[in-house]
Structures are given as C-alpha cells and as structure tokens.
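Heads up, the thing below is written out as structure tokens.
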Amino acid sequence: MDIDALEYWNRVGLIALSFPGAVSATSYGTPAFKVHKKLFARLKEDGKTLVVFNDERDKWIKRDPGIFFITDHYRNYPMMLVNLAHVKRKDLKTLLLSSWQIQAPPALRKG
C-alpha cells in the first residue's frame with residue numbers, strides 16, 4: 001500500500017471504528033471493517049477504492065460518477081465503489097454509517 005492509499009485507509013478507519021461493534025479485519029486479502037463478523041467496508045485491491053453496502057447507490061452514482069460507481073461484478077449486489085482520493089469526508093462518513101447500519105444487528109443499531 002503506498003503512502004496515499006495508507007492515508008485514505010486511515011481516514012476510513014477513524015470513521016468506521018467509531019461505530020459500535022466495528023472491528024478491523026480482512027476480506028479477500030484486503031483491509032476491511034466488519035460488525036459482528038459481517039463485512040461493511042473493504043479496500044479494493046487497487047488500494048484507492050472503497051467497497052461499501054448502499055441501498056441508494058443509483059442516487060450517489062448519478063450525483064458524481066467519478067467518485068461513486070460500480071463495476072459489473074457489483075451490479076447484482078447492494079454495494080458500490082467509492083474513489084477515496086476524491087470523496088468528501090462528510091460523504092464518506094454518511095456512506096460508512098449507512099453500510100454499517102445495513103450490516104449491524106438491530107440491537108447495535110438501536111444503541
């Protein structure tokens with residue numbers, strides 16, 4: 001992971017680990033965050049793209065397809081990709097929280 005990628009991932013980690021039950025993990029050999037053993041965010045192999053769960057990805061993609069996008073691999077999954085070099089911190093926090101909420105058990109979401 002190059003210095004920029006590490007910086008991006010550290011920014012993700014500061015937000016992701018602030019959610020109840022969130023832990024650092026790996027997924028497909030890349031750094032990830034999980035809640036109760038369920039993935040809610042991971043770094044793609046390129047080191048600069050984040051994978052998150054999202055129920056409103058069409059809205060995000062329409063807003064800025066240079067930052068928010070999918071590949072054919074994710075077309076049939078409720079997930080999207082985020083360009084970490086260009087995403088605003090506020091949007092990153094919103095997306096990580098949404099992804100965490102999708103994957104977290106109800107008891108944690110209520111807390």
Side-chain angles (χ1 to χ4, degrees):
M1 200 180 308
D2 65 28
I3 292 172
D4 286 340
L6 183 58
E7 184 178 322
Y8 302 144
W9 188 245
N10 287 340
R11 186 168 60 159
V12 170
L14 287 173
I15 298 167
L17 291 173
S18 72
F19 305 138
V23 296
S24 294
T26 60
S27 178
Y28 298 100
T30 64
F33 294 101
K34 294 182 179 183
V35 59
H36 281 240
K37 299 183 182 181
K38 293 177 79 176
L39 174 71
F40 73 92
R42 85 170 185 93
L43 191 64
K44 281 205 40 84
E45 294 76 7
D46 66 6
K48 297 181 181 183
T49 307
L50 181 69
V51 180
V52 292
F53 286 84
N54 192 279
D55 292 334
E56 300 178 314
R57 72 181 186 189
D58 291 341
K59 174 188 91 169
W60 287 94
I61 292 169
K62 184 177 180 181
R63 184 172 130 200
D64 194 331
I67 298 174
F68 313 107
F69 60 100
I70 61 170
T71 61
D72 286 342
H73 175 78
Y74 293 99
R75 190 162 312 283
N76 295 320
Y77 299 98
M79 303 170 97
M80 75 175 193
L81 304 170
V82 180
N83 181 331
L84 288 173
H86 299 289
V87 66
K88 293 178 183 168
R89 183 174 174 79
K90 178 182 173 189
D91 290 338
L92 180 60
K93 186 172 184 176
T94 297
L95 290 168
L96 285 167
L97 177 59
S98 174
S99 189
W100 175 86
Q101 289 172 328
I102 290 168
Q103 295 295 82
L108 274 184
R109 289 194 311 261
K110 290 179 182 177

Show me the donor-acceptor pairs within less than 3.5 Å that the side chains of residues 82-89 make with the rest of the protein, sequence neighbours left out.
from	atom 1	to	atom 2	distance (Å)
N83	OD1	A85	N	3.0

Report, one line per pair, each donor and acceptor closer than 3.5 Å where one atom sits in a side chain of residues 26-38; sequence neighbours left out.
from	atom 1	to	atom 2	distance (Å)
T30	OG1	S27	O	2.8
T30	OG1	R42	NH1	3.0
T30	OG1	L43	O	2.7
K34	NZ	T26	O	3.4

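Under a 3.5 Å cut-off, the side chain of W100 and the backbone N or O of A41 do not form any donor-acceptor pair.
Open room surrounds NZ on K93; 12 or fewer heavy atoms of other groups in view lie less than 6.0 Å from it. Other residues, nucleotides and ligands place more than 12 heavy atoms under 6.0 Å from the OH atom of Y74.
Clustering ILVMFWY residues whenever any of their side-chain heavy atoms sit less than 4.5 angstrom apart, transitively, puts L14 in a cluster other than the one holding L96. Follow the hydrophobic side-chain contacts under 4.5 Å out from L17 and you reach Y8 in the same cluster. Linking Ile, Leu, Val, Met, Phe, Trp and Tyr residues whenever their side-chain heavy atoms come within less than 4.5 Å places Y77 and M80 in a single cluster.
The two residues L50 and L92 have their closest heavy-atom pair at CD2-CD1, 3.7 Å. Scanning both residues, M79 and R57, for their nearest heavy atoms gives O-NH1, 2.7 Å. T49 approaches F69 most closely through the heavy-atom pair CG2-CZ, 3.8 Å.
N10 meets the side chain to side chain donor-acceptor pair (under 3.5 Å) test with no other residue; sequence neighbours excluded. Looking at residues two or more places apart in sequence or on another chain, you find a side chain to side chain contact (heavy atoms under 4.5 Å, CB included) between S98 and N54, I102. R63 is linked by a salt bridge (charged side-chain N to carboxylate O under 4.0 Å, His left out) to D91, counting only residues two or more places apart in sequence or in another chain. Qualifying side chain to side chain donor-acceptor pair (under 3.5 Å) partners for E56, counting only residues two or more places apart in sequence or in other chains: K59.
A distance of 5.5 Å separates CG in L81 from OG1 in T71, rounded to the nearest 0.5 Å. One finds the CH2 atom of W9 at 8.0 Å from the OG atom of S24 (value rounded to the nearest 0.5 Å). Atom-to-atom distance recorded for L95:CG and F40:CZ is 12.5 Å, nearest 0.5 angstrom.
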**Request:** Please assess W60 against V52 for the test side chain to side chain contact (heavy atoms under 4.5 Å, CB included), listing each intermediate value before the final yes or no.
**Result:** CA-CA 12 Å; W60 287 94; V52 292; over 6 Å; no

